[in-house]
Amino acid sequence: QNEQDRLVRSAAMAKRGTRGRKSKLETREEEVDQREEGEVESAESELGVDLEDLSMEEQIALIRSNKAQVTTLSVGITEKQGKPLAEALKKNTHLLQLDLSQSFEGLTEAIKLLAGALKVNKTLTLFESATLMPFLFYRACSHSLNSPLFSFTWPFIPLSLVFLPTLSRTPHQPALAQLSLSVALFFSLWYSFSLQISSFILSLSFASCSPEVRDEGAIAIADALHVNKSLTTLLLIDCCLTHVGIEALADVLKVNTMLTALSLENNPGAGDKGATALAQALRVNTTLECLNLARNEIHAAGAEDLVEMLKVNTTLKKLILRKNAIGDKGAMALATVLKVNTTVDFLDVSFNDISTKGLIAIADTLKFNSTLQGLSLGGNPKAKTKLPVLIDALKVNTTLTEVSLDSAELTIKHVRLLADWLRTNTSLTILDLKGNNLRDAGARVLAKALEVNTVLSQLILNECNLTAAGATALKNVLQTNMSLVDLDLGDLVIFGGSEITNIIPSELRDEIYDILDDPARKAARAIATGEVADSKPAQEIPPAKRTK
């Protein structure tokens, strides 16, 4: 659930710049690489030979013999080598990871043979290939999978549609967790999912297919989901689906009881018809918790249908409508229903052509709603004159833990109001102000507020036109503020002609990130949030002064 929450944050908030240091994913990949190197060295020590010195045929023979403890193999095969490798995989019980990404394209018979072998093999857990895509669907039919990790990548080719129906024959308790079939994963969303190892996740992209094929792909998936008992997360991003494909998926949602997260981001052909179909389905669906409809060309009519659904649905928690066109009418309808809905805890209506009326309606709702924990309202410049009204409402609300005002055209006046709010707020942990021209004056104002605030843990200020002066003010406050553990100042260099960015010396950035990476800071934050117990012996704390 935590990983799904992080997924939603990643999808809802603006894309955040890297900070010139290793990400968690990079660190994780390095650990996997080190483990693989150790396994290869161990096998080579046992054999007394370097695996890279062996020919392709010799490596396959080694796998077929099943005598050596070889657990990792990276080879490139031709059409003729598909059969001997398939036979080897049927007999081998040691190989855990197979990388065929260097294989030649255009394989046909080799694919079928290897797919058949994977139905027999019970030990292979990680498979990587950019060309042998159909393996996935045969593998999904396997009767025994012993690992929660199964990685799969492929370029945009429609051949997968032939194999989609086999998903319907997936066993009742598969251990598949990560199925990555798209090389166009939308930034942080897939990163969050890749860390989750308890769900069956399917991500597809049909971006290069014709419109008919794209909708046919969605229909094929929907047919499979009528009987599939394992898929919990479905990502159909950048698939260029129309309302036809969306309606097929909506129909299956009426009977499917496994899906908990569905992302249909960037399918502009869906439109209001697609939103209406999904709204009707979610009137009866009782399992879906996260719905991402960003960039679907949804207008007020589609938003109003979703609002009617929210009046009766009691399971949907996260609704992402980023970069649509719901306008004031849609925003006001959502604001009204959220006064009575007690389930939705995350709403993203950023970049939706909302002006003052819509913003005032949402602000009024925040005074009464005690369920929302995350709200993204950025990218609506027509509403900027009423931002003070929103900030006043935020001062009253006590449940929001995450707020994004990305690209909201904030002025120094707005920043001062936000700083006043931060001085007294005791719930907000994440504040995203990316893409606002705050300049160093705004950074200094925020730094002053952070001298008092002890709750905020993440502050996003990339593309805010900061220089060394503003960054230094933030660095200085980090010496006393131990709650802030993530300060995002964006990339060292912004490509693509961004209008505003941060020009901060790399040495100063490194100093800031060194402070943030201090183990003592992270430990203090963990203790403050109750994530770990204080290492101090309990007997040293007087019983009367102990606190939870």
Side-chain angles (χ1 to χ4, degrees), residues 8-15 189 263-266 268 270-272 274-275 278-279 282 290-311 313 316-341 343-369 371-387 389-391 393-394 397 399-410 430-436:
V8 173
R9 288 201 297 271
S10 301
M13 302 302 180
K15 183 178 180 181
L189 186 56
S263 177
L264 298 171
E265 180 171 355
N266 199 24
D272 289 336
L278 290 168
L282 292 179
C290 174
L291 179 62
N292 185 347
L293 297 178
R295 296 184 291 172
N296 270 222
E297 290 293 335
I298 298 172
H299 298 79
E304 289 175 333
D305 286 334
L306 291 170
V307 164
E308 291 301 312
M309 173 270 296
L310 290 177
K311 292 179 180 180
N313 182 289
L316 190 68
K317 296 180 180 180
K318 308 182 190 306
L319 180 60
I320 302 171
L321 296 174
R322 181 180 176 86
K323 291 191 176 181
N324 283 290
I326 67 172
D328 282 340
K329 192 174 182 180
M332 293 167 70
L334 283 167
T336 300
V337 76
L338 289 179
K339 288 182 178 179
V340 294
N341 180 287
T343 307
V344 175
D345 61 19
F346 188 96
L347 177 67
D348 184 349
V349 287
S350 57
F351 298 90
N352 262 280
D353 198 30
I354 298 171
S355 65
T356 55
K357 290 182 179 180
L359 186 69
I360 291 173
I362 292 174
D364 186 55
T365 294
L366 292 179
K367 298 176 182 178
F368 303 95
N369 184 289
T371 306
L372 271 181
Q373 297 177 23
L375 177 64
S376 182
L377 267 173
N380 293 299
K382 293 180 181 179
K384 66 179 180 180
T385 59
K386 294 300 179 181
L387 282 174
V389 176
L390 174 67
I391 298 172
L394 292 175
N397 184 285
T399 57
L400 281 170
T401 60
E402 178 176 1
V403 171
S404 172
L405 293 174
D406 162 28
S407 304
E409 296 192 7
L410 299 178
I430 300 174
L431 179 60
D432 184 356
L433 301 179
K434 172 190 173 183
N436 289 288

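Along the sequence shown, residues are numbered consecutively beginning with 1.
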Peer 1: How close do Leu410 and Asn436 get, heavy atom to heavy atom, and via which atoms?
Peer 2: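 Closest pair (atom of Leu410, atom of Asn436, distance): N-OD1, 3.0 Å.
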Peer 1: Is a side-chain donor or acceptor of Thr399 paired with a backbone partner of Leu372 at a separation under 3.5 angstrom?
Peer 2: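 Yes, because the side chain of Thr399 sits within donor-acceptor range (under 3.5 Å) of the backbone of Leu372.
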Peer 1: For Ala363, what residues pass the side chain to side chain contact (heavy atoms under 4.5 Å, CB included) criterion, not counting sequence neighbours?
Peer 2: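 Expected list: Val389, Leu390, Ala393.
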Peer 1: If you compare all heavy atoms of Ala300 against all heavy atoms of Gly330, which two are closest, and at what distance to 0.1 Å?
Peer 2: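 It is CB-N, 4.1 Å.
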Peer 1: Can you check whether Ser376's main-chain N or O pairs, donor with acceptor, with Asp406's side chain at less than 3.5 Å?
Peer 2: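 Checked: no pair found.
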Peer 1: Taking all non-hydrogen atoms of both residues into account, name the closest pair between Glu265 and Asn292 and its distance.
Peer 2: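 Closest pair (atom of Glu265, atom of Asn292, distance): OE1-ND2, 3.5 Å.
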Peer 1: Apply side chain to side chain contact (heavy atoms under 4.5 Å, CB included) to residues Leu366 and Leu375 and explain how you reach the verdict.
Peer 2: CA-CA 10 Å; Leu366 292 179; Leu375 177 64; 3.9 Å; yes
Peer 1: In Å and rounded to the nearest 0.5 Å, what is the OG to CG distance from Ser407 to Leu377?
Peer 2: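 Reported to 0.5 Å precision, the distance equals 13.0 Å.
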Peer 1: Does some side-chain heavy atom of Leu319 sit less than 4.5 Å from a side-chain heavy atom of Met309?
Peer 2: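 Side-chain contact under 4.5 Å: no.
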Peer 1: To the nearest 0.5 Å, how far apart are CZ in Arg322 and CG in Asp348?
Peer 2: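 Taking CZ in Arg322 and CG in Asp348, the distance rounds to 6.0 Å.
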Peer 1: Return yes if some donor-acceptor pair links the side-chain N/O of Asn380 with the main-chain N/O of Asp353 below 3.5 Å, else return no.
Peer 2: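 Looks like yes, one N/O pair under 3.5 Å.
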Peer 1: Atom CG in Leu400, atom CD1 in Ile430: separation rounded to 0.5 Å?
Peer 2: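 So the gap between those two atoms works out to 11.5 Å.
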Peer 1: Is there a donor-acceptor pair under 3.5 Å between the side chain of Asp432 and the backbone N or O of Lys434?
Peer 2: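 Indeed, once roles are kept as given, a pair shorter than 3.5 Å links the two residues.
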Peer 1: Looking only at heavy atoms, what is the nearest atom pair of Asp305 and Ala279, with distance?
Peer 2: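 In terms of heavy atoms, the two residues are closest at O-CB, 3.4 Å.
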Peer 1: Would you name the heavy atoms of Ala408 and Leu387 that are closest together and state the gap between them?
Peer 2: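 Result for this residue pair: O-CD1, 3.8 Å.
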Peer 1: Is a side-chain N or O of Thr401 found less than 3.5 angstrom from the main chain of Gln373, in a donor-acceptor match?
Peer 2: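 Flag set: sc Thr401 to bb Gln373 pair under 3.5 Å.
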Peer 1: With a 4.5 Å limit on heavy-atom distance, are the side chains of Thr343 and Lys317 in contact?
Peer 2: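 Touching, per the 4.5 Å side-chain cut-off.
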Peer 1: Are side-chain heavy atoms of Arg295 and Phe351 found at a separation under 4.5 Å?
Peer 2: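 No, their side chains stay 4.5 Å or more apart.
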Peer 1: Roughly how far, to the nearest 0.5 Å, is the NZ atom of Lys367 from the CG atom of Leu394?
Peer 2: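 Here the rounded value is 10.5 Å.
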Peer 1: To the nearest 0.5 Å, tell me how far Ile320 CD1 sits from Phe346 CZ.
Peer 2: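 If we round to the nearest 0.5 Å, Ile320:CD1 and Phe346:CZ are 6.0 Å apart.
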Peer 1: Would you call Leu306 and Leu321 a side-chain contact if the rule is heavy atoms closer than 4.5 Å?
Peer 2: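 Yes; the side chains approach each other to less than 4.5 Å.
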Peer 1: Give a yes or no answer on whether the side chain of Asn296 reaches the backbone of Ala294 with a donor-acceptor pair at less than 3.5 Å.
Peer 2: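 Side chain of Asn296 to backbone of Ala294, a donor-acceptor pair under 3.5 Å: yes, one is there.
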Peer 1: Please find the pair of heavy atoms, one from Pro381 and one from Glu409, that lie closest to each other, and give the distance.
Peer 2: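 Reported closest heavy-atom pair: CB-OE2, 3.4 Å.
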Peer 1: Measure the shortest side-chain to side-chain distance between Thr365 and Leu334 over non-hydrogen atoms and say whether it is less than 4.5 angstrom.
Peer 2: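 The answer is no; the side chains never approach within 4.5 Å.
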Peer 1: Check whether Asn352 reaches the backbone of Ala325 with its side chain - one donor and one acceptor, N or O, closer than 3.5 Å.
Peer 2: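 Yes; judged by distance alone, with no hydrogens or angles, the pair exists.
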Peer 1: Drop me the distance from Met332's CE to Lys357's NZ, to the nearest 0.5 angstrom.
Peer 2: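 Here the interatomic distance stands at 7.0 Å.
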Peer 1: Do Thr371 and Asn341 make a side-chain contact, defined as non-hydrogen atoms from C-beta onward lying under 4.5 Å apart?
Peer 2: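 Thr371 vs Asn341: side chains apart.
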Peer 1: Any side-chain heavy atom of Val337 sitting closer than 4.5 Å to one from Val344?
Peer 2: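 No, too far: nothing below the 4.5 Å cut-off.
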Peer 1: Could you check if a side-chain atom of Asp345 sits within less than 4.5 angstrom of a side-chain atom of Lys318, using non-hydrogen atoms only?
Peer 2: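 A side-chain contact exists here, since the closest heavy-atom pair is under 4.5 Å.
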Peer 1: Does the Asn369 side chain pair with the main chain of Lys339, one donor and one acceptor, at a distance under 3.5 Å?
Peer 2: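 Checked: no pair found.
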